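Everything below concerns the one structure shown next.
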Amino acid sequence: MHAHNAGQVARIRCGYCNIKRFYKPLELREVIGNVTVDQVRAKVRCERCKKKEYMDAELFHPVGQELETIRFRRLVEIRWEKRVIWKDE
């Protein structure tokens with residue numbers, strides 16, 4: 001929560017497939033909870049390669065031109081799905 005108030009941005013990067021995503025800390029808090037950036041690393045998974053062990057997360061203050069070029073991933077909705085699992089006996 002303090003990162004959002006300070007104007008910081010979260011950068012989450014997969015070291016395996018080298019993809020970077022930028023998030024607003026307030027929206028990450030809704031999904032993951034009010035945790036530290038170190039705990040975010042353990043809770044996220046790459047959407048491309050599905051690996052968790054190569055994830056890196058950091059908070060930073062974007063400046064000038066960098067702020068204009070960042071494309072944020074925005075939270076649209078949180079959907080809880082109910083799945084039915086069958087077992088033959």
Side-chain angles (χ1 to χ4, degrees):
M1 188 60 190
H2 299 295
H4 173 74
N5 294 338
Q8 292 180 319
V9 171
R11 177 182 9 215
I12 299 178
R13 178 183 169 274
C14 176
Y16 186 76
C17 56
N18 198 25
I19 190 167
K20 289 184 228 171
R21 307 273 193 210
F22 298 93
Y23 300 88
K24 298 199 181 245
L26 189 63
E27 293 178 352
L28 275 179
R29 190 187 82 175
E30 287 186 43
V31 177
I32 299 174
N34 196 13
V35 297
T36 65
V37 71
D38 293 328
Q39 292 169 322
V40 170
R41 288 184 191 115
K43 293 184 179 256
V44 294
R45 178 184 303 270
C46 180
E47 291 180 10
R48 183 181 289 174
C49 66
K50 309 292 187 223
K51 298 182 186 298
K52 289 181 86 167
E53 56 270 6
Y54 299 101
M55 298 306 290
D56 182 41
E58 65 180 347
L59 294 170
F60 70 100
H61 289 282
V63 290
Q65 183 68 25
E66 185 180 27
L67 186 58
E68 292 179 8
T69 59
I70 290 177
R71 290 185 55 199
F72 288 100
R73 296 199 90 195
R74 302 303 305 260
L75 180 64
V76 176
E77 68 178 324
I78 298 175
R79 184 183 313 165
W80 297 98
E81 295 182 4
K82 187 179 203 180
R83 294 184 186 216
V84 177
I85 301 172
W86 295 95
K87 178 180 175 183
D88 291 330
E89 292 185 7

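Positions are given from 1, in the same order as the sequence printed here. Computed from a predicted structure; not experimentally measured.
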Quiz item: Between Lys50 (side chain) and Arg45 (backbone), is there a donor-acceptor pair under 3.5 Å?
Solution: no
Practice problem: To the nearest 0.5 angstrom, please state how far the CG atom of Leu28 sits from the CG atom of Asn34. | Solution: 11.0 Å
Self-check item: Nearest-0.5 Å distance that lies between atom CZ in Arg41 and atom CG in Asp56
Solution: 5.0 Å
Exercise. Identify the two heavy atoms, one from Pro62 and one from Gly7, that lie closest to each other, and give their separation to 0.1 Å.
Key: CD-O, 4.0 Å
Exercise. Supply the atom-to-atom distance His61 NE2 to Glu66 CD, rounded to the nearest 0.5 angstrom.
Key: 12.0 Å
Practice problem: Check the hydrophobic clustering (I, L, V, M, F, W, Y; side-chain heavy atoms under 4.5 Å; chains of links allowed) and say if Val76 and Val44 are grouped together. | Solution: no
Practice problem: State plainly whether one hydrophobic cluster holds both Ile78 and Tyr23, where clusters connect Ile, Leu, Val, Met, Phe, Trp and Tyr through side-chain heavy atoms under 4.5 angstrom apart. | Solution: yes
Quiz item: Which atom pair, heavy atoms only, marks the closest approach of Arg11 to Phe60?
Solution: NH2-CD2, 3.5 Å
Quiz prompt | ILVMFWY clustering at 4.5 Å (side-chain atoms), partners of Tyr16 | solution = Tyr54
Quiz item: Is there a path from Ile12 to Val31 through hydrophobic residues (I, L, V, M, F, W, Y) whose side chains come within less than 4.5 Å of each other?
Solution: yes
Quiz prompt | Nearest-0.5 Å distance that lies between atom CD in Gln39 and atom CD1 in Ile32 | solution = 10.0 Å
Exercise. Enumerate the residue pairs fulfilling ring-ring contact (aromatic ring centres under 6.0 Å, His included) with a member in residues 64-89, sequence neighbours excluded, ordered by first and then second residue.
Key: none
Practice problem: Return yes when atom NZ of Lys20 has more than 12 non-hydrogen atoms of other residues, nucleotides or ligands closer than 6.0 Å, and no otherwise. | Solution: no
Exercise. Supply the atom-to-atom distance Leu75 CG to Glu27 CD, rounded to the nearest 0.5 angstrom.
Key: 5.5 Å
Practice problem: First locate atom NZ of Lys43, then atom CE of Met55, and finally report the distance between them rounded to the nearest 0.5 Å. | Solution: 14.5 Å
